[in-house]
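For reference, the structure is listed below as structure tokens.
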Amino acid sequence: MLLIECPWCGPLAETEFSYGGEAGITRPLDPDALSDAEWADYLFYRANPRGAHRELWNHAHGCRRWFGVERDTVSYRITGSFKLDLAEPRSGGNTEQGD
């Protein structure tokens, strides 16, 4: 189980949280001007990298706030969490994982 650090509530088990997808996806300014292919690209296609990746998480069973997590997709090691208004993740005691 992952130990995820909510920037407001501290480190808690992953069962407290809801995954929200890849972080940093920007909604198009004028969606009506997009072609069907461009709109599909925005809605469905994600990077899915091997290695360091930024994700959105929601503290569903706590403060209900959204925040970002930087996680390695190979090892599942979490290297930091951050409020969405901050550019850089903060490192914390949220790097443990278990069964």
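With hydrogens and angles ignored, the 3.5 Å screen pairs no side-chain donor or acceptor of Thr79 with any backbone N or O of Arg71. With hydrogens and angles disregarded, a donor-acceptor distance shorter than 3.5 Å links the side chain of Thr73 to the backbone of Pro49.
Using a 4.5 Å heavy-atom cutoff, the side chains of Arg54 and Phe82 are in contact. Using a 4.5 Å heavy-atom cutoff, the side chains of Ile25 and Leu56 are not in contact.
Of the inter-residue distances, the one linking Leu34 atom CG with Tyr42 atom OH reads 10.0 Å to the nearest 0.5 angstrom. Between the SG atom in Cys9 and the CZ atom in Phe17 there is a gap of 7.0 Å [rounded to 0.5 Å].
Contact detail for Ala13 and Leu3: the closest heavy-atom pair is N-CD1, 4.1 Å. Pairing each heavy atom of Pro31 with each of Pro28, the nearest pair is CD-O, 3.6 Å.
Screening residues 32-41 for side-chain hydrogen bond (donor to acceptor under 3.5 Å, both in side chains) gives Ser35-Glu38 as the qualifying pairs, with residues at least two apart or on separate chains. Judged as a side-chain hydrogen bond (donor to acceptor under 3.5 Å, both in side chains), the pairs with a partner in residues 15-31 (not counting sequence neighbours) are, in order, Glu16-His59.
Residues that satisfy the side chain to side chain contact (heavy atoms under 4.5 Å, CB included) test with Ala52, not counting sequence neighbours, are absent from this structure.
By the 6.0 Å contact criterion, CG on Leu43 is enclosed, its count of non-hydrogen atoms from other residues, nucleotides or ligands being greater than 12. Counting non-hydrogen atoms of neighbouring residues, nucleotides and ligands closer than 6.0 angstrom, the CZ atom of Arg46 exceeds 12 such neighbours.
With hydrophobic clusters built from ILVMFWY side chains whose heavy atoms lie under 4.5 angstrom apart, Ile4 does not share a cluster with Val74.
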